[in-house]
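Residue numbers begin at 1 in each chain, while the letters A, B, ... track the order of the sequences. All values below come from the heavy atoms of this structure, side chains included, with hydrogens, waters and symmetry mates left out. Because the structure is a prediction, the values reported are computed rather than measured.
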Amino acid sequence: MNMPIADKRALIPLVLVVGVAALFVGLQAFPSEATSAPTSWHWSGGLLGNRTTPDALTAMGAESRGIDPSALWKVASTGIGRGYVTLYAGVDSNGDVCLSPRPVGRGGLFLCRPTIDRPLRAFPSAGGDHPDSVAYASVVGVARKDVAGVRVRLSNGEERPLTLNAAHAFAFSANSPAPLPIALTAYDTEGDVLQRLDLYTAPPCTSGAACGF
Amino acid sequence: MRTTPRSIVAMLVLSGLLAGVVAGAAMASHGSDYWFWQGYLPQGDGTRAVHHAKYCCSNYNRTRVSWQSGSLHDMLFLYIRYSGGWAHDPAYYEYGYDWNSPLWNVTSEFSRGGCQMPGAVNRYTYTNCHVEAYQ
């Protein structure tokens, strides 16, 4: 289509506006995290853990994501009472590994193909008897292959190393009045920090009245 | 039309507005009657959590949260027990700022579900929160 040169020039601002807008949208859709894949997850050679029969909630979630509920692995578990949590893993129809935390009373959410640009894929959960206090806090998760160690920071300032099991998974849980987990740090073989992660252990309200429950 | 520095600035501003409209339209795919909460968290009085009663009589409920993407921080799903206790799980920003919670069993101890701004985050975030029956 032939257009007069003056008309073409008039389109330049429009093209610029749309182009820059697309750039903004693109930047929002893809956060400025490192996108290269420096390493891999530990399960590249196959899932590790204990083959298990899941509960109904987990099985229903698995089926909704195209994951065979009869082929799930129990990767890690920790905690007592309401702080008990299990981490399941399965493989979807695309062959991607999916992880599913199962705290008490809820579950069935499978996160497939976890992003490799985060050294830790952690699933914290917490709860309490009153809106302004925390009674228990737990975390389960998996570490990338290049993670040599994971430490948990507790509410009293103490730091403890966590054991990475055969699936390179970790777990920690505590019930008050014991110090609660509030953050994780992942280290490489040189002892350099790969990631720090807040575990959101704070209660929902600073006072009971503010939450209305 | 000449492309002057002033017009370039105007185009950039217009581009930002257009990007916001596109992103907002993509996120808010439901009307205000779908979300039981739409607004900023924390609220003006410092309240960080909003919640809604579960729906009878399916076996499961779940909560959905979407939030303004610019700040790249996580949100939390909040569950409230009949006893007044609570529990929460995170919704991570890297999965698209729009999350469904794990399913929660209607017959279990939770009476309400909702959304919570993490205590470690101190910025006002426009949040949409929804509770629905599931199966």
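For a residue to count as touching a neighbouring chain, one of its non-hydrogen atoms must lie under 4.5 Å from one of that chain's; by this rule A/Asp198 touches chain B with the side chain only. Contact of A/Pro103 with chain B is made through the side chain alone, with heavy-atom distances under 4.5 Å. Using a 4.5 Å cut-off between heavy atoms, A/Ser64 contacts chain B through its side chain alone, with no backbone atom that close. Of the two parts of B/Arg112, neither the backbone nor the side chain holds a non-hydrogen atom closer than 4.5 Å to a non-hydrogen atom of chain A. Proximity to chain A (any heavy atom under 4.5 Å) is shown, for B/Leu103, by both the backbone and the side chain. Neither the backbone nor the side chain of B/Phe77 has a heavy atom closer than 4.5 Å to any heavy atom of chain A. Looking at A/Arg82, only its side chain comes within 4.5 Å of chain B, counting heavy atoms on both sides.
Comparing B/Pro90, B/Pro118, B/Gly119 by heavy-atom pairs within less than 4.5 Å of chain A, the highest count is held by B/Pro90. Per-residue counts of heavy-atom pairs under 4.5 Å with chain A were compared for B/Asn105, B/Asp74, B/Val121; the largest is that of B/Asp74. Across B/Gly114, B/Pro42, B/Ser83, B/Ala87, the residue that shares the most heavy-atom pairs under 4.5 angstrom with chain A is B/Ala87. Among the candidates A/Ser100, A/Ala135, A/Ala122, A/Ala137, the residue making the largest number of heavy-atom pairs closer than 4.5 Å to chain B is A/Ala122. Counting heavy-atom pairs closer than 4.5 Å to chain B, the top-ranked of the candidates A/Gly108, A/Pro204, A/Pro101 is A/Pro204. The most heavy-atom pairs under 4.5 Å with chain A, out of B/Gly84, B/Ser101, B/Pro102, come from B/Pro102.
One finds the CZ atom of A/Arg106 at 10.5 Å from the OG1 atom of B/Thr63 (value rounded to the nearest 0.5 Å).
The shortest distance between side-chain heavy atoms of B/Gln116 and A/Tyr200 does not fall below 4.5 Å.
Judged by distance alone, with hydrogens and angles left aside, the side-chain atoms of B/Trp86 form a donor-acceptor pair with the main-chain N or O of A/His130 at under 3.5 Å.
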